[in-house]
Amino acid sequence: MINMKATHLRVSEALHINKAPSLMAIWGVMLVLGGVAQQFLSLSIDTTLIVWGVLSVIGVAGQVVCMTHGLGKNFAAWIAVIAVGWFFTLYIIKFDKGYNIQYLTDLPAIWLMLLGIGYAATAFQVNRKFWMLAAASFFLGELIEMGVYGVLQFQDFFVEYSTLLFGIFAGVPLIIASLPRFYRPAQKKPAPNQPPATPA
């Protein structure tokens, strides 16, 4: 007799895994577009917060759709990362009444480093390849931070285009992560057929 519950679970998990790369790519493209929109459109602060809030919800929803059994800790890590990022964002922009608004240009770097923490958590539980995305996020976040504070040349460029750089640096790695060569583990080669054992 067919175990329908077990069969449904296997099919369901397979569908979830197949959805993951597509949703990562969509979220990555939307992050790039969000960075472009904030950089080049005259959006109010409230509209900007709404745009990034919607993108955050889409990212969380995508994880919920793709989450398979046993990845609860990874999901919790991403929720924590997003919550901390939004705390910093709302504190600087809203709660602090503008007293620390000079740190607005630090937000892209902060968010990239937080994304790096999320990727590190994913590397532990899902796939070691996500260590590359974690390292890239930390590096690019630090790059923006050094540019903003004049450690690197072209400080004005980093200050003026920090949101565009964030959109690119946050979105493109997700698009790369969605590619079959990155996302799917390498298939094991079938073992060669062994000759039948000869009687002694």
Side-chain angles (χ1 to χ4, degrees), residues 16-17 19-36 38-39 52 55-56 58-64 66-68 70-89 92 103-155 157-187:
H16 284 169
I17 292 171
K19 289 177 184 176
S22 299
L23 290 173
M24 277 195 294
I26 291 169
W27 196 35
V29 170
M30 293 184 77
L31 288 175
V32 173
L33 294 177
V36 171
Q38 184 178 352
Q39 185 68 53
W52 288 111
L55 291 178
S56 298
I58 291 172
V60 171
Q63 288 213 17
V64 170
C66 299
M67 189 170 64
T68 56
L71 294 183
K73 290 182 180 179
N74 182 64
F75 179 69
W78 277 100
I79 292 295
V81 161
I82 292 173
V84 170
W86 272 104
F87 172 79
F88 276 114
T89 301
I92 291 171
Y103 295 115
L104 189 64
T105 52
D106 292 290
L107 286 177
I110 290 171
W111 271 99
L112 280 171
M113 292 179 189
L114 288 171
L115 291 178
I117 294 173
Y119 288 133
T122 303
F124 272 116
Q125 271 208 307
V126 179
N127 192 320
R128 291 182 181 179
K129 290 181 179 180
F130 281 88
W131 279 117
M132 291 186 286
L133 299 187
S137 293
F138 283 122
F139 172 75
L140 295 170
E142 188 62 29
L143 186 68
I144 291 178
E145 194 72 350
M146 289 191 297
V148 166
Y149 284 96
V151 177
L152 302 176
Q153 293 182 347
F154 312 113
Q155 178 184 11
F157 172 81
F158 283 98
V159 172
E160 185 176 356
Y161 293 101
S162 60
T163 54
L164 176 63
L165 292 172
F166 168 75
I168 293 171
F169 292 164
V172 170
L174 281 169
I175 297 170
I176 294 172
S178 71
L179 299 176
R181 182 172 293 183
F182 184 97
Y183 184 79
R184 296 173 188 163
Q187 299 295 322

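In this text, all values refer to a predicted model and were calculated from it rather than measured experimentally. The basis for the numbers below is simple: all heavy atoms, side chains too, and nothing from hydrogens, waters or symmetry mates.
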Return a table of donor-acceptor pairs under 3.5 angstrom between the side chains of residues 108-123 and protein atoms on other chains or two or more places apart.
{"from": "W111", "atom 1": "NE1", "to": "T89", "atom 2": "OG1", "distance (Å)": "2.9"}
{"from": "T122", "atom 1": "OG1", "to": "N74", "atom 2": "OD1", "distance (Å)": "3.0"}
{"from": "T122", "atom 1": "OG1", "to": "W78", "atom 2": "NE1", "distance (Å)": "2.9"}
{"from": "T122", "atom 1": "OG1", "to": "G118", "atom 2": "O", "distance (Å)": "3.1"}

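Here OG1 of T163 is found 9.5 Å from CD1 of I144. Values are rounded to the nearest 0.5 Å. We find the CD1-CG distance between I26 and L31 to be 12.0 Å, quoted to the nearest 0.5 Å. For the atom pair CE (M24) and CD1 (I176), the distance works out to 11.5 Å, reported to the nearest 0.5 Å. Within the model, atoms CD1 of I92 and CG of D106 stand 6.5 Å from one another, a figure rounded to the nearest 0.5 Å.
For F139, there are no ring-ring contact (aromatic ring centres under 6.0 Å, His included) partners, not counting sequence neighbours. Residues forming a side chain to side chain contact (heavy atoms under 4.5 Å, CB included) with I79 (at least two apart in sequence, or on another chain): V60, F75. Residues passing the ring-ring contact (aromatic ring centres under 6.0 Å, His included) test with Y161, sequence neighbours excluded: F157. Take W27 and apply the ring-ring contact (aromatic ring centres under 6.0 Å, His included) test, not counting sequence neighbours, and it matches no residue. Contacts of W86 classified as side-chain hydrogen bond (donor to acceptor under 3.5 Å, both in side chains), with partners at least two apart in sequence or in another chain: S56.
Atom CZ of F138 has more than 12 neighbouring heavy atoms from other residues, nucleotides or ligands inside a 6.0 Å radius.
Between F124 and K73, every side-chain heavy-atom pair lies at or beyond the 4.5 Å cut-off.
What you find for Q39 and L164 is that their closest heavy atoms are OE1-N, 3.2 Å.
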